[in-house]
Amino acid sequence: MELKNEFEAIRDWAETKGIYSSGDVKTQTLKLYEEAGELSKAILKKDKEEFIDAIGDCMVVLVSIAELGNQFFEDEDRITIEGCINSAYSVISKRNGKMSNGTFVKDGI
């Protein structure tokens, strides 16, 4: 099963804002940590609106990180957020494990 997601509007926005011309994977990864911190804060405060916003912000930054990965790795295989999601899903869809203390733990760990 291949998941298809449309992230073109986010890529267009990032291009317009200069993220691809002036940003890089390192600065955008730091931005992801900032957004993940906001997600953690929303969870601690049980703030649903901020929770939703933070997840969306993390996704926006991940789209940019994937796109900037093309400049960072400089090879012919294009990196996209869709490709990353599909790659991860193809692995986890076959994974076996169990829930332990609220976290899925894959077999063999």
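Just the heavy atoms: all of them, side chains too, but no hydrogens, waters or symmetry mates, feed the values below. Position 1 is the first residue of the sequence, and the numbers go up from there.
- Residues passing the side chain to side chain donor-acceptor pair (under 3.5 Å) test with Thr27 are Asp24, sequence neighbours excluded.
- Residue pairs that meet the salt bridge (Lys or Arg N to Asp or Glu O under 4.0 Å) test with at least one member in residues 60-73, sequence neighbours left out, are Glu67-Arg78.
- A search for side chain to side chain contact (heavy atoms under 4.5 Å, CB included) contacts involving Ile10 returns Phe7, Val60, Val63, not counting sequence neighbours.
- Residue Leu39 shares its hydrophobic cluster (ILVMFWY side chains chained together at separations under 4.5 Å) with Ile43, Phe51, Ile52, Ile55.
- Screening residues 92-103 for side chain to side chain donor-acceptor pair (under 3.5 Å), with sequence neighbours left out, gives no hits.
- Applying the under-4.5 Å side-chain rule to Ile, Leu, Val, Met, Phe, Trp and Tyr, the cluster around Phe104 extends to Met99.
- Partners of Phe72 according to the side chain to side chain contact (heavy atoms under 4.5 Å, CB included) rule, which considers only residues two or more places apart in sequence or in another chain, are Val25.
- Residues passing the salt bridge (Lys or Arg N to Asp or Glu O under 4.0 Å) test with Glu38: none are found, sequence neighbours excluded.
- Nearest heavy atom pair, residue Glu74 against residue Gln71, reads CG-O, 2.9 Å.
- For Glu15, there are no salt bridge (Lys or Arg N to Asp or Glu O under 4.0 Å) partners two or more places apart in sequence or in a different chain.
- Atom-to-atom distance recorded for Leu62:CG and Glu35:CD is 10.0 Å, nearest 0.5 angstrom.
- Heavy atoms only, all atoms of each residue included: Ile79 and Cys84 are closest at CG2-SG, 3.9 Å.
- Applying the side chain to side chain contact (heavy atoms under 4.5 Å, CB included) rule to Lys41 yields the partners Lys45; only residues at least two apart in sequence or on another chain are considered.
- Under the rule for a side chain to side chain contact (heavy atoms under 4.5 Å, CB included), the partners of Leu30 that lie at least two apart in sequence or sit in another chain are Tyr33.
- In this structure, Glu50 has no salt bridge (Lys or Arg N to Asp or Glu O under 4.0 Å) partners at least two apart in sequence or on a different chain.
- By the 4.5 Å heavy-atom criterion applied to side chains, Asp57 and Leu32 are not counted as neighbours.
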